[in-house]
Amino acid sequence: MRISICDDDQFILEELKKYLEEYYSQEDYDMPELVAFSDGNALLADEGKKDIVFLDIEMPGLDGIFVGNMLKKKYPDIFIFIITAYDEYLDAAMDAHVFRYLRKPVEKNRLFQSLKIAMRRYYCLVSDIMIDQGNTFKKISESEIIYIEAQDKTTILNTVSGKYSSKNTIHAWMETLNAGSFFQTHKSYIVNLRYVLKFSHVLIAFNFGTDKAYLARRKYKQFKKAYYTYLSHNSQ
């Protein structure tokens, strides 16, 4: 993982670096590469990967909102944290689909809580899983799964790249998949909240394909709460 910090204030750069080093040293994650930039031009010119970026808004040259929009076009799954002392940029930041809007001075506990959510989603995006198909194994990205359906003694993984049959049970998949993005809606269905388009008390439609998954009536309220919590935590 690579984290970029872009701010023309050296104190903010050093403070954020200290907080990030503290967070990753106390959590069960490898220490990411931390790189700092004093303006948006330098950040955009950097050819390194962009996983998480902390962006000031008011900087010499390009402003942070413009830089954030440019980064989102090139890296759709990037996590952008806007850091600023001014509330008037909040609407513009939301329009740019930033992950979090943090006020200066940065409050450490809020930063840590936001990083916890970002890391959970990041690993869902990058995690690979092995599908046991009996005689062969197929590796796919966890984020490609739209929903899983139990059929007879197998499960069918419906993904953005096609359908795959697996020997794993629904229960085994719930133990395997990252928490936070997947919800068991029915004894025979697991859905990825990332792809949910709409739902009723009995059916869930997705924003990819025309398939639908069943939602048990007794799980409706729990699912609704989980879905809106997911949206509030993943509003980029």
Side-chain angles (χ1 to χ4, degrees), residues 1-46 48-126 178-181 193-194 228-236:
M1 169 176 275
R2 192 167 186 261
I3 298 179
S4 303
I5 309 169
C6 188
D7 199 302
D8 61 328
D9 186 329
Q10 187 63 32
F11 174 79
I12 295 295
L13 290 177
E14 295 299 326
E15 181 181 57
L16 272 174
K17 183 179 179 182
K18 180 184 70 175
Y19 285 164
L20 291 168
E21 288 174 342
E22 179 181 343
Y23 176 80
Y24 286 98
S25 65
Q26 70 184 27
E27 298 292 331
D28 189 24
Y29 298 119
D30 293 332
M31 183 65 68
E33 179 186 359
L34 303 177
V35 290
F37 304 90
S38 59
D39 62 77
N41 289 294
L43 174 60
L44 291 176
D46 173 61
K49 63 183 297 195
K50 308 288 191 300
D51 296 312
I52 295 177
V53 173
F54 290 86
L55 270 176
D56 186 19
I57 291 183
E58 293 191 345
M59 298 182 291
L62 303 176
D63 68 79
I65 298 297
F66 177 84
V67 174
N69 278 314
M70 295 296 290
L71 291 173
K72 287 288 289 183
K73 289 179 181 179
K74 189 172 183 179
Y75 309 99
D77 291 324
I78 193 174
F79 294 84
I80 296 177
F81 289 74
I82 289 292
I83 46 175
T84 182
Y86 307 101
D87 287 335
E88 60 262 33
Y89 297 110
L90 180 59
D91 288 343
M94 294 301 102
D95 288 342
H97 302 292
V98 303
F99 183 71
R100 286 293 184 272
Y101 188 95
L102 303 177
R103 281 186 55 82
K104 295 180 181 179
V106 176
E107 200 276 308
K108 184 170 73 170
N109 287 337
R110 174 165 163 72
L111 171 64
F112 283 13
Q113 290 170 0
S114 298
L115 281 170
K116 182 178 181 179
I117 296 166
M119 291 303 296
R120 185 170 61 222
R121 187 172 186 203
Y122 170 79
Y123 278 106
C124 179
L125 290 172
V126 303
N178 281 311
S181 295
L193 299 174
R194 181 183 190 189
Y228 286 116
T229 298
Y230 175 84
L231 290 182
S232 67
H233 288 169
N234 301 275
S235 58
Q236 53 172 324

For [X] and [Y], work out which heavy atoms get closest and say how close.
| X | Y | value |
| --- | --- | --- |
| Pro32 | Ile3 | CG-CD1, 3.7 Å |
| Cys6 | Gly40 | SG-N, 3.8 Å |
| Pro60 | Asp8 | CD-OD2, 3.5 Å |
| Ala118 | Phe99 | CB-CE2, 3.6 Å |

Around Met70, counting heavy atoms of other residues, nucleotides and ligands shown, do more than 12 lie under 6.0 Å from its CE?
-> no
Yes or no on side-chain contact (heavy atoms from CB on, under 4.5 Å) for Val67 and Val53, after CA distance, side-chain angles and deciding distance?
-> CA-CA 10 Å; Val67 174; Val53 173; over 6 Å; no
Supply the atom-to-atom distance [X] [atom1] to [Y] [atom2], rounded to the nearest 0.5 angstrom.
| X | Y | atom1 | atom2 | answer |
| --- | --- | --- | --- | --- |
| Ile78 | Ile52 | CD1 | CD1 | 9.0 Å |
| Ile80 | Tyr75 | CD1 | OH | 11.0 Å |
| Asp7 | Leu13 | CG | CG | 5.5 Å |
| Arg2 | Leu34 | CZ | CG | 10.0 Å |
| Leu111 | Lys108 | CG | NZ | 9.5 Å |
| Tyr23 | Ser114 | OH | OG | 9.5 Å |

Between Ser4 and Val35, is a side-chain contact (heavy atoms from CB on, under 4.5 Å) present by the stated rule, with each step listed?
-> CA-CA 5 Å; Ser4 303; Val35 290; 3.4 Å; yes
For residues [X] and [Y], determine if any side-chain heavy atom of one lies less than 4.5 Å from a side-chain heavy atom of the other.
| X | Y | value |
| --- | --- | --- |
| Ile83 | Leu16 | yes |
| Glu27 | Phe112 | no |
| Arg100 | Arg110 | yes |
| Asp56 | Lys104 | yes |
| Asp77 | Asp51 | no |
| Lys74 | Lys50 | no |

Please report the C-alpha distance between Leu55 and Ile65 in whole Å, then the side-chain angles of each, then the deciding distance to 0.1 Å, and finally whether the side-chain contact (heavy atoms from CB on, under 4.5 Å) criterion is met.
-> CA-CA 8 Å; Leu55 270 176; Ile65 298 297; over 6 Å; no
Could you give me the CA-CA distance, side-chain angles and deciding distance for Phe54 and Leu20, then say whether side-chain contact (heavy atoms from CB on, under 4.5 Å) is met?
-> CA-CA 11 Å; Phe54 290 86; Leu20 291 168; 4.0 Å; yes
